[in-house]
Amino acid sequence: MSFGDDFVFGGATAAYQIEGAATLGGRGPSIWDTFSHTEGRVVNGDTGDVAIDHYHRYKDDVAIMASLGLEAYRFSVSWPRIQPEGRGPALEAGLDFYSRLTDELLGAGIDPWITLYHWDLPQALQDAGGWPNRDIAYRFAEYSALVHEHLGDRVKHWITLNEPFCSSLIGYASGRHAPGLQDPSAALSSVHHLLLGHGLAVDALRAQNVAHVGITLNLYAVEPASDDAVDTDAARRVDGFHNRLFLDPVLKGRYPQDILHDTAEFGGMGDVRDGDLDIISRPLDLLGVNYYTRYVITGREDHPDLVDKRTGQLDSPYPGAAHAREVRHGMPLTDLGWEIDPDGLYDVLTRLKREYPAVPIVITENGAAFADPLGDDGVVHDADRIDYVRGHLAACERAIADGVPLQGYFLWSIFDNYEWAEGYAKRFGAVHVDYETQVRTPKHSALWYSGVIRSRSLDEQS
Ligand code: IFM
């Protein structure tokens, strides 16, 4: 047995990507409703209006997860379903939906894990300035307390934010995600206010005796394309923005000096007040790690292996470092063009052990988009997804053997769903969803994963 009995195997989703029912139960619009309804923002103009209709089909979805033997399910709560305007009392209908989902999961023997913020900021709060406005951090803590007050008796595992890199630097600097702005100073202030919101939410949940709380960061293995100073400096910056800008304040209580220096022209992290970093670095029960790929980085505009061949690009998520870009490093690609590099996961996990104070780690997302079709035999033969997950679980095994306190793995995603700016064109699910009929069909990878969970080992699965 490679994975002990305490190791948790689960699957993950997020509200806007699966729920649909965008206007039901009094739900207000989020920045993703606005963004997806704006022409030219999302491939094919796809929106999350219907998604996979999980809002209505949650019982069937829980039954599918139970049939696969999932031990835990990580889902997010839609803030505008709870507070349509982002403030004020909680909507009963919203709380009730998540309460019913929680009860259904517990009844099926699946442990619910809640993410409080997976990118769907109430549009009303964006209209009030969005994450660049410090006040939003306090609103987030209030909303978190409302949700925990209602569900904390049954839900023991809480994650404040999912991937604050994306909600700040992709949403406000590159503009490729909602709210679609390209303002480096606003993006950096958003980083600080998201992290402040995280710390304030941890305090609010601790005041209610939360059982288990943490944050999820999307971390990357990053290395330079060569030893040339142009490349090593570019890689340092990318590592700074993706990894250290979030890990250092949360786990060490300080922002990385080099990134503060590099971003001084944009005002650094903005309005950082005395005591903020103490709040941001409150002790956590877990660090959620989302891992997808390794970035090999060049600073050369003319590098022959650039992933994005455009020059003078305007949509970089790295303030002041648009020259830092990814090059291919020869690994196989997913359907999103992401290089498949499981050793990168091992590198990320062992780096956490080496460079940061000890904290229990859970892989809260890992998985891949592949375009495998539903075959004539009614099965999706997604050997590529099985290989991907097998390779990454093997990296987890190695990391555990080397002393990394890794306690669980959540597959992204259990169901095909709305892949943000890529719409429905990219499929991450272990369960295929026919978007016309909403019929769900477990892919081969789902059955394989189910076998891994049952045997707690990779060895017995073909
Ligand atoms: O679909 C996303 C998810 O919402 C956040 N992490 C990465 C996934 C794949 O892009």
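Order of listing sets the numbers, starting from 1, for every ligand and every atom in it. Along the sequence shown, residues are numbered consecutively beginning with 1. Both backbone and side-chain heavy atoms feed into the values below; hydrogens, waters and symmetry mates do not.
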Task: Results of side chain to side chain contact (heavy atoms under 4.5 Å, CB included) for A72 - residues two or more places apart only - done: V8, D111, W113, F410
Task: salt bridge (Lys or Arg N to Asp or Glu O under 4.0 Å) contacts touching residues 283-293 (sequence neighbours left out) - done: R206-D285
Task: Y346 six-ring centre to R398 NZ/CZ under 6.0 Å and within 45° of normal - done: yes
Open item on the list: Are more than 12 heavy atoms, taken from residues, nucleotides or ligands other than E85, located less than 6.0 Å from that residue's CD atom?
Closed with: no
Return a table of N or O atom pairs, ligand 1 on one side and protein on the other, at distances under 3.5 Å, rounded to 0.1 Å.
from: ligand 1; atom 1: 1 (O); to: Q17; atom 2: NE2; distance (Å): 3.0
from: ligand 1; atom 1: 1 (O); to: W412; atom 2: NE1; distance (Å): 3.3
from: ligand 1; atom 1: 1 (O); to: E419; atom 2: OE1; distance (Å): 2.6
from: ligand 1; atom 1: 4 (O); to: Q17; atom 2: OE1; distance (Å): 2.7
from: ligand 1; atom 1: 4 (O); to: H118; atom 2: NE2; distance (Å): 2.8
from: ligand 1; atom 1: 4 (O); to: W420; atom 2: NE1; distance (Å): 2.8
from: ligand 1; atom 1: 6 (N); to: E163; atom 2: OE1; distance (Å): 3.3
from: ligand 1; atom 1: 6 (N); to: E163; atom 2: OE2; distance (Å): 2.7
from: ligand 1; atom 1: 6 (N); to: E365; atom 2: OE1; distance (Å): 2.5
from: ligand 1; atom 1: 10 (O); to: E419; atom 2: OE2; distance (Å): 2.5

TODO: Just grab all the ring-ring contact (aromatic ring centres under 6.0 Å, His included) pairs involving residues 182-205, residues at least two apart or on different chains.
DONE: H192-Y255
Open item on the list: I'd like to know if R236 and D262 make a salt bridge, using a cut-off of under 4.0 Å between side-chain N and carboxylate O.
Closed with: yes
